[in-house]
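Let me begin by presenting the structure, written as structure tokens, before commenting on it.
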Amino acid sequence: MPKLIPKNFYNRPTLQVAQDLLGCFLVRKINGEIVRAMIVETEGYFGYKDKASHASRGKTDRNEPMFWEGGITYVYLVYGMHSLLNIVTEKENYPAAVLIRAVDFNWEEFSSNDKKGNGPGKLTKILEIDRTLNKQKIYNKKNNLWLEESIRDIKKNEIVKTKRVGIDYAGEYRDKPWRFYLADNKNVSKK
DNA sequence: TTCGCGATGGCCT
DNA sequence: GGCCATCGCGAAA
């Protein structure tokens, strides 16, 4: 049986959590049906100085969940149309989260082009994740959204580290290698 | 194959 | 009023 990831998993350094989440399963229950999606790409955002992070200008109504303790969701809208899913990490009052950028549904039904989870805005659409799921606990199953441990060991050399996507404005933080993905997976959002 | 761009709305200055 | 942690389309090549 797959194991639910415990709360204390998230209360650790963001970049560690971002890498450990690769190979784990994002599980969503929709109308009583369970859909499992393996996480294949993540990005870390943390601290006050990183201009790419929403928290770089202090706490606001939007980014407030980033300041909560690890293990809850931070869902927000970009470009007026896409909901992006983040998992909050680290301790309370320190702003940090991991963006889930791509998932893989080992599932025939999800093999058509518009049902691949190969982008942060696409996987949320397929899994019906929107801002109503903001600020929810993901270490229990009550909100019909949770995370399960990987069913195999992910080796260090399977993880590719590179710069994050879509944040060219972030100055010295633009090129930080805080994006991680599984090297052999075809569902990552960009090369 | 890659590139250019429009859609679309909330958030921050 | 400007700016996005994006996507999919159609044109060019």
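Each chain gets a letter, A, B and so on, in the order its sequence line appears, and its residues count up from 1.
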Do other residues, nucleotides or ligands put more than 12 heavy atoms under 6.0 Å from the [atom1] atom of [X]?
X	atom1	value
Asp184(A)	CG	yes
Lys91(A)	NZ	no
Ile30(A)	CD1	yes

Run the numbers on Arg12(A) and Asp20(A) for salt bridge (Lys or Arg N to Asp or Glu O under 4.0 Å), then give the verdict.
CA-CA 11 Å; Arg12(A) 297 184 299 142; Asp20(A) 289 349; 2.9 Å; yes
Tell me whether the OP1 or OP2 atom of dG8(C) has a side-chain N or O from Lys122(A) closer than 4.0 Å.
yes
At under 4.0 Å, does any side-chain N or O of Arg179(A) touch on OP1 or OP2 of dA5(C)?
no
Describe the nucleic acid contact of [X] in one word from base, sugar-phosphate, nothing, applying a heavy-atom distance below 4.0 Å.
X	result
Arg174(A)	nothing
Gly121(A)	sugar-phosphate
Ile167(A)	sugar-phosphate

Let's test your reading of the pairing rules: Watson-Crick or G-U wobble, both distances under 3.5 Å, then write DNA chain C as a dot-bracket string with ( ), [ ], | and dots.
||||.|||||||.
Check for me: is Tyr45(A) stacked on dA5(C) by the 5.5 Å centroid and 30° plane-angle rule?
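Stack criterion met.
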Leu77(A) side chain: which of dT8(B), dC7(C), dG10(B) is closest?
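Of all the options, the side chain of Leu77(A) is nearest to dG10(B).
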Between [X] ([atom1]) and [N] ([atom2]), how many Å, whole number?
X	N	atom1	atom2	answer
Tyr76(A)	dC12(B)	OH	C1'	15 Å
His82(A)	dG6(B)	NE2	C1'	12 Å
Leu123(A)	dA5(C)	CG	C1'	13 Å
Lys51(A)	dC4(C)	NZ	P	13 Å

Distance, C1' atom - from dG10(B) to dG8(C), rounded to whole angstrom:
22 Å
Donor + acceptor pair across side chains of Lys122(A), Asn118(A) (<3.5 Å):
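Short answer, yes.
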When the aromatic ring centroids of Phe46(A) and Trp178(A) are compared, is their separation below 6.0 Å?
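Yes; Trp178(A) has its ring centre under 6.0 Å from that of Phe46(A).
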What class does the angle between the rings of His54(A) and Tyr76(A) fall in, given that below 30° is parallel, 30 to 60° is tilted and above 60° is perpendicular?
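Rings of His54(A) and Tyr76(A): perpendicular, over 60°.
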Counting only heavy atoms and a strict 4.0 angstrom limit, can you tell me which residues of residues 54-72 of chain A come near DNA chain C?
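Residues of residues 54-72 of chain A under 4.0 Å from DNA chain C: His54(A).
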Look up atom OG1 in Thr162(A) and atom CZ in Phe180(A), then write down how far apart they are to the nearest 0.5 Å.
10.0 Å
Can Lys49(A) and Glu172(A) be counted as an ion pair, charged N to O under 4.0 angstrom?
no
